[in-house]
Amino acid sequence: MPERADFAERVLAAVEAIPAGRVMTYGDVAEYAGIRSPRSVGQVLAADGGTVPWHRVLRHDGSMAPHIRDEQRARLRAEGVRFHGQRSERVDLTAYRWDGVSTSAE
DNA sequence: ATGTTGACACCGG
DNA sequence: TCCGGTGCCAACA
């Protein structure tokens, strides 16, 4: 039988599908990949995220984890994503969140 | 098998 | 808005 699509593979595929200049939350990626735990998404990226645009995945409130905050912010900015807050701690999800369907920015 | 950890989400106060 | 507890699920010791 059939292979059991590695859940990690699906997560990576979902992240790779995010268009440049767009973002998704961990929860969105989990749903898109067909799994029920957003935490598992982070687990996968922590282990094998180097091969995908992990910087396009944010928390549900537009903030990001401390150890990757700087790198992630720099990369997103380079793609045209605007931040807000005094220290640019958050991304405006309402403007950049990708629905998983449209294939181009906006 | 059991317990801990983690790049999270949701809810109550 | 911020803080804390709970649910979640795979990896690891």
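Below, chains carry the letters A, B, ... as their sequence lines are ordered, and counting in each starts from 1.
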> Checking A:Y96 side chain against A:R82 main chain: does a donor-acceptor pair fall under 3.5 Å?
Replying inline: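 At least one qualifying donor-acceptor pair exists.
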
Value in whole Å for how far the [atom2] atom of [N] lies from [atom1] of [X]:
{"X": "A:E9", "N": "C:dA10", "atom1": "CD", "atom2": "P", "value": "16 Å"}
{"X": "A:Y26", "N": "C:dC8", "atom1": "OH", "atom2": "C1'", "value": "16 Å"}
{"X": "A:D61", "N": "B:dC10", "atom1": "CG", "atom2": "P", "value": "10 Å"}
{"X": "A:H60", "N": "C:dG7", "atom1": "NE2", "atom2": "C1'", "value": "16 Å"}
{"X": "A:L12", "N": "B:dA7", "atom1": "CG", "atom2": "P", "value": "16 Å"}
{"X": "A:D28", "N": "C:dC8", "atom1": "CG", "atom2": "P", "value": "19 Å"}
{"X": "A:L45", "N": "B:dG6", "atom1": "CG", "atom2": "C1'", "value": "12 Å"}
{"X": "A:R36", "N": "B:dC10", "atom1": "CZ", "atom2": "C1'", "value": "18 Å"}

> On DNA chain C, nearest-nucleotide positions of A:R90 versus A:P38: which is more 5'?
Replying inline: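 Nearest-nucleotide comparison on DNA chain C picks A:R90.
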
>> Any donor-acceptor pair, under 3.5 Å, between the side chain of A:Q43 and the base of C:dA11, if you only look at N and O atoms?
In response: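 Check fails, no donor-acceptor contact within cut-off.
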
> According to a strict under-4.0 Å criterion, is A:R59 in side-chain N/O contact with OP1 or OP2 of B:dC10?
Replying inline: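 Checking A:R59 against B:dC10: no side-chain N or O falls below 4.0 Å of OP1 or OP2.
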
> Should A:V52 and A:V29 be counted in the same cluster of Ile, Leu, Val, Met, Phe, Trp and Tyr side chains packed under 4.5 Å apart?
Replying inline: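 The answer is yes; both residues are in one hydrophobic cluster.
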
> Got a salt bridge between A:D28 and A:R97, using NZ or NE/NH1/NH2 to carboxylate O under 4.0 Å?
Replying inline: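 A salt bridge links A:D28 with A:R97.
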
> With no hydrogens and no angle check, do the side chains of A:H55 and A:E79 hold a donor and an acceptor under 3.5 Å apart?
Replying inline: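 Present: a donor and an acceptor within the cut-off.
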
> Base, sugar-phosphate alone, or nothing: which one does A:R73 contact when heavy atoms must sit under 4.0 Å apart?
Replying inline: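 It contacts nothing in the nucleic acid.
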
